Asker: 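My questions all concern the structure below.
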Amino acid sequence: MTELERKQERAPVPSAWTYAPAPEARDIVTLREQYGHFVGGEWLEPKETYTTISPATEEPLAEVGQATPEEVAAAVDAARAAYDNGWSEIAPSERAKYLFRIARILQERSREFAVLESLNGGKPIKESRDVDLPLSAAHFFYYAGWADKLEYAFPNQRPRPLGVAGQIIPWNFPLLMLAWKIAPALAAGNTVVLKPAETTPLSALLFCDVLRQAELPPGVVNIVTGDGRTGAEIVKSGGVDKVAFTGSTDVGKAIQRELAGSGKKLTLELGGKAANIIFDDAALDQAVEGIINGIYFNQGHVCCAGSRLLVQESIYEPVVDKLKRRLTTLRVGDPLDKNTDVGAINSKQQLEKIQQLVASGAEEGAEIYQPPCRLPEKGYWFAPTVFTNVAQSYRIAQEEIFGPVLSILTFRTPEEAVEKANNTPYGLSAGVWTEKGSRILWMAERLRAGVVWANTYNRFDPSSPFGGYKESGFGREGGRHGLEPYLRLT
Ligand code: NDP
């Protein structure tokens, strides 16, 4: 026995692990008292404002503009002027340089952005630091690479920009969704008017600082803030040539109706109710980690979240036991603490929606499990939740909850798994866990989902296209496919 082994033998085994607080410092972020709209490279004094808060503490963070129709029109005019006065004409390799610059500045300022993202959105700092920020920078790097290669991406099709893109993004990945929208639009030679979600405007407003630092010509990117009314103004603006929307299916449908017959191009990235399918030959401990990542990552505020777990009947008990045990180790609390796994729910409204759907699950007859955990008194919180005994017809198995809530169903055969997985109006993503490559391919061919992950979940890469079928929307973001909605091809 070595000295180390002797020491380990003598060391008492801790009965439970406790974590000391590990808060990330906030002082790297300097907030202004009030923000205007970023139009034509300048800050436009807002006519109306509202207060944006931290969902973890309900503390007010800043006053932000609620854009009026006139302010939206000014942003669209600025984007049009920038498009006509040079942006669409400059050498593509010059456009690439701006995108590279933006990417590098995001990397340099990533800690500042990560802290702000967690502060305004409630997501754990380890996620904004390790996922949102690196991926946002990666998107700009990736599309910078395409800017001067469009002729190669679409040979014999004369790719040309469309003009002004109106972009509306949600609150679950504020900076990352901004990157998904702005990077391909600029690489293709368009200019942009973007609206962040009402509850999470601050990282988009800080991004304006990055645009200035990168010396992007004024008006190429304009940011207006406000609620759904501002989004609706962008959609119906006659000066917008293309609309890109990520958000709820209901609003997506309303936008599609509004734009019918207008000739404007449209991409919609909407909701999901993904099946995460575990076969009995899967590596169970890894699968349990994949289940956790699939549904509790970003508090389940993820359009492609693995919110319906389909477990092969023969391994149902061990999977549920392991999952419940793993749930007890999740740390829920302060988003700025580096040990936190599950942060705050993004808004009061979203918390009420989650509570309502969870209540419906219990009423319809499902069995609820929540690990013992003390939730903070202030702010919006919801404990990680698992439902067993779920029938396919229950609302919790049909509707997008967009919260840390998992519904577990079982299946016996691969055919039954496919049938159940596809039994949803959505079709954004799915996960398959099995040791057999042939089974993965067999499943992937039959699952009506834009993305199928195999033995992993929630993996993103800028070179990989992302988007849905059915009520999850249409059009792809990411990869070469992500350029196409921003180009006229002949
Ligand atoms: P919304 O679809 O309302 O929000 C998405 C974006 O659209 C926001 O910027 C929003 O502004 C804007 N918007 C709202 N109404 C309009 C309109 N009529 N025209 C144009 N733009 C509009 O989602 P919610 O925030 O209300 O969330 C509701 C549900 O949607 C969630 O519970 C979740 O199930 C789902 N959702 C799905 C997402 C996804 O990625 N698939 C993302 C977000 C939500 P504002 O922020 O002011 O409302």
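It should be emphasised that the depicted structure is a prediction, and the values quoted were computed from it without experimental measurement. In what follows, every heavy atom counts, from backbone to side chain, and hydrogens, waters and symmetry copies are set aside. The residues of the chain are indexed from 1 along the displayed sequence. Ligands are counted one by one from 1 in listed order, and the atoms in each one are counted from 1 as well.
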Asker: Can you name the one residue among Thr199, Asn120, Thr200 that meets side-chain hydrogen bond (donor to acceptor under 3.5 Å, both in side chains) with Asn346?
Answerer: Thr199
Asker: Applying salt bridge (Lys or Arg N to Asp or Glu O under 4.0 Å), can you list everything that pairs with Arg331, at least two apart in sequence or on another chain?
Answerer: Asp341
Asker: Which donor-acceptor pairs under 3.5 Å do side chains of residues 290-299 form with protein atoms, sequence neighbours excluded?
Answerer:
unit_1: Asn293; atom_1: ND2; unit_2: Tyr457; atom_2: O; d: 2.9
unit_1: Tyr296; atom_1: OH; unit_2: Thr385; atom_2: O; d: 2.9
unit_1: Asn298; atom_1: ND2; unit_2: Asn172; atom_2: O; d: 2.9
unit_1: Asn298; atom_1: ND2; unit_2: His301; atom_2: O; d: 3.1
unit_1: Gln299; atom_1: OE1; unit_2: Gly343; atom_2: N; d: 2.7
unit_1: Gln299; atom_1: NE2; unit_2: Ala344; atom_2: O; d: 3.3

Asker: Answer yes or no on whether Lys470 is positioned over the face of Tyr426, meaning its NZ or CZ is under 6.0 Å from the six-membered ring centre and within 45° of the axis.
Answerer: no
Asker: Excluding sequence neighbours, so at least two apart, what forms salt bridge (Lys or Arg N to Asp or Glu O under 4.0 Å) with Glu59?
Answerer: Arg26
Asker: When you pair each N or O of ligand 1 with protein N or O atoms, which pairs come out under 3.5 Å?
Answerer:
unit_1: ligand 1; atom_1: 2 (O); unit_2: Ser248; atom_2: N; d: 2.8
unit_1: ligand 1; atom_1: 2 (O); unit_2: Ser248; atom_2: OG; d: 2.7
unit_1: ligand 1; atom_1: 9 (O); unit_2: Ile169; atom_2: O; d: 2.9
unit_1: ligand 1; atom_1: 9 (O); unit_2: Lys195; atom_2: NZ; d: 3.1
unit_1: ligand 1; atom_1: 11 (O); unit_2: Lys195; atom_2: NZ; d: 3.0
unit_1: ligand 1; atom_1: 19 (N); unit_2: Ala232; atom_2: N; d: 3.4
unit_1: ligand 1; atom_1: 25 (O); unit_2: Trp171; atom_2: NE1; d: 2.5
unit_1: ligand 1; atom_1: 32 (O); unit_2: Gln350; atom_2: OE1; d: 2.8
unit_1: ligand 1; atom_1: 32 (O); unit_2: Gln350; atom_2: NE2; d: 3.2
unit_1: ligand 1; atom_1: 32 (O); unit_2: Lys353; atom_2: NZ; d: 2.8
unit_1: ligand 1; atom_1: 34 (O); unit_2: Lys353; atom_2: NZ; d: 2.8
unit_1: ligand 1; atom_1: 34 (O); unit_2: Glu400; atom_2: OE1; d: 3.0
unit_1: ligand 1; atom_1: 41 (N); unit_2: Gly247; atom_2: O; d: 3.4
unit_1: ligand 1; atom_1: 41 (N); unit_2: Leu270; atom_2: O; d: 2.8
unit_1: ligand 1; atom_1: 46 (O); unit_2: Glu198; atom_2: N; d: 2.7
unit_1: ligand 1; atom_1: 47 (O); unit_2: Glu198; atom_2: OE1; d: 3.4
unit_1: ligand 1; atom_1: 47 (O); unit_2: Gly228; atom_2: N; d: 3.0

Asker: Cation-pi check for Trp381 against Arg374: NZ or CZ below 6.0 Å from the six-membered ring centre and within 45 degrees of the axis, yes or no?
Answerer: no
